[in-house]
Trainee: 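Okay, handing you the structure first.
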Amino acid sequence: MTFYQLAFCYLKRKKAKTVLLFFVLLLVSSMILSTSMIIRAAQDSKAAIQEKARSKIVLEITKKDNKITQREVEEILHLEEVSAVNCQNRGQAFPDNFYPVTANDSMEENNQKITLFSYDDLENDSAFDEGRYRLVSGGYITKDKRGAVINSLLADSNGLELGDDIKIENAEGRMISLKITGLFLSGSERKQTEKMDSADRIENQIFADNESFSQLLGNTGYYKVSVYCKNPEQLSMIEEQLRSVLSEKVSYTSSDTLYRQMALPLDQITRAANLMLVLTLITGIVTVSLLLCMWMRSRQKEAAIFTSIGKSKYSIFLQVFLESFLVFMVSITGACGLGSLMAGLLQKVLTHSQTTEISMHVVLQGKDIGSLMIWGSFIVLAAVAVSLFPILKADPRDILSGMEG
């Protein structure tokens, strides 16, 4: 008979031992499956956090006349771990069809100007993102939505509304027209002194898109660029790459606090689950090994006879391994059923005290079953090897003669 035929016959003959081994492996498999679901759910949540947290490195020029050029921005965008950039600029210009808000009677040029800020995406990396300014009506400007966001008090003093066009010109007389897309307030407008020039007042800050800014004041580069990273874990490496592009012409400020705060509880869960997995594997190997070792005492004679009649030790090993492996495969079915029931319980336990915006979704997936098959096979292989080693190492004649004596 072949080794697999012998394996099936042994399992049929020793039903009690087979059932006992099944329940032991079912318990071990369920624990492995539970920890695998937790680890995989934590990894999936961490991947979602990497996108949601939008970790970045902020580049700001150290010298006023040495701005970040468009060529350098394009080079940054080609870096593998960079997902997006938000370029920012600022300058001063003269209003044409409206008047700046001022309480100062000065006729100086600085009291006749407005301050123009430009962004690729105004909603991020600005006073709006920091909460210092708030949009009271309309929408933000983006790369795809050109226009201007102006202060609500500036609009009121000039009778301007959303959708109206404002005209701004530079010192050389070049003029652009911008449609008002949004109105904002700061809450600090009334706290400013009357002596403050118009160019320095909050009411006269106008936010526009970079393309309009370049048309008015020229494509002179950017004073600040926010570089968004795909993987927050690679911020140090990305900073080194940015230094090779920009050298020391800018200051580098990493911003991944939100990611660290959100990832910390997941890291703690992962470490605990990994420790539980290691303990489960060790316990599984020890328990199954002890069980098989006790049974192997009664099979010493069987193994010695097989060896004496010419069966290879490799064939005997395959038979015993197949016996345990078949029971393990059946236990996987039971473990999957228990795993589906435990998923909901684990979900409640892990998210009960959750404070982050990212939630863990503990569900049974194919990856978890695959992980169970790998680790379970390792346990069975190790346990069979430990239990068979003394028998296969011994001389069959010594085993048989010892039993006869």
Trainee: Indicate, with yes or no, if the rings of Phe207 and Phe128 have centres closer together than 6.0 Å.
Mentor: yes
Trainee: Might you confirm whether atom NZ of Lys167 has over 12 heavy atoms from other residues, nucleotides or ligands at distances under 6.0 Å?
Mentor: no
Trainee: Please check if the side chain of Glu189 supplies one atom and the backbone of Gly187 the other of a donor-acceptor pair under 3.5 Å.
Mentor: yes
Trainee: Nearest heavy-atom pair of Leu235 and Ser55: which atoms, and what distance?
Mentor: CD1-CB, 4.5 Å
Trainee: If you look only at pairs with a residue in residues 326-339, which of them pass as a salt bridge (Lys or Arg N to Asp or Glu O under 4.0 Å), with sequence neighbours excluded?
Mentor: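 Salt bridge (Lys or Arg N to Asp or Glu O under 4.0 Å) check on residues 326-339 returns no pairs.
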Trainee: Which heavy atom in Lys67 sits nearest to a heavy atom in Lys64, and how many Å separate them?
Mentor: CG-O, 3.9 Å
Trainee: Is there a side chain to side chain donor-acceptor pair (under 3.5 Å) between Asp120 and Asn210 once you walk through the steps?
Mentor: CA-CA 6 Å; Asp120 287 330; Asn210 279 318; 2.7 Å; yes
Trainee: Which pair of heavy atoms, one from Asn204 and one from Lys113, lies closest together, and at what distance?
Mentor: CB-O, 4.5 Å
Trainee: Please list all pairs meeting salt bridge (Lys or Arg N to Asp or Glu O under 4.0 Å) that have one or both residues in residues 190-216, counting only residues at least two apart or in different chains.
Mentor: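 Every pair satisfying salt bridge (Lys or Arg N to Asp or Glu O under 4.0 Å) with a residue in residues 190-216: Arg146-Asp209, Arg146-Glu211, Arg201-Glu203.
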Trainee: Determine whether a donor-acceptor pair (N or O, by modelled atom type, separation under 3.5 Å) exists between the side chain of Gln215 and the backbone of Ile176.
Mentor: no
Trainee: Taking CE in Met175 as the centre, count heavy atoms belonging to other residues, nucleotides or ligands within less than 6.0 Å. Is the count above 12?
Mentor: yes
Trainee: Under the side chain to side chain contact (heavy atoms under 4.5 Å, CB included) rule, collect the residues that match up with Ala383, sequence neighbours excluded.
Mentor: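 Ala383: side chain to side chain contact (heavy atoms under 4.5 Å, CB included) contacts with Val288, Ser289, Leu292.
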Trainee: With distance as the sole test, does Ser157 use its side chain to make a donor-acceptor pair with the main-chain N or O of Leu154 at under 3.5 Å?
Mentor: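 Such a contact is found between Ser157 side chain and Leu154 backbone.
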Trainee: With sequence neighbours left out, which residue pairs that include part of residues 126-139 fulfil the side-chain hydrogen bond (donor to acceptor under 3.5 Å, both in side chains) condition?
Mentor: Glu130-Arg132, Tyr133-Gln205
Trainee: So that I know where these two stand, are Phe22 and Phe328 an aromatic pair - ring centroids less than 6.0 Å apart?
Mentor: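 Distance test on ring centres: not under 6.0 Å, no.
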Trainee: Report the residues that fulfil side chain to side chain contact (heavy atoms under 4.5 Å, CB included) with Leu160, sequence neighbours left out, ordered by chain and then residue number.
Mentor: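 Phe98, Ile150, Ala155, Asn158, Asp164, Ile166, Ile180.
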Trainee: According to salt bridge (Lys or Arg N to Asp or Glu O under 4.0 Å), does anything in residues 362-376 pair up with another residue at least two apart or in another chain? List the pairs.
Mentor: Arg40-Asp368
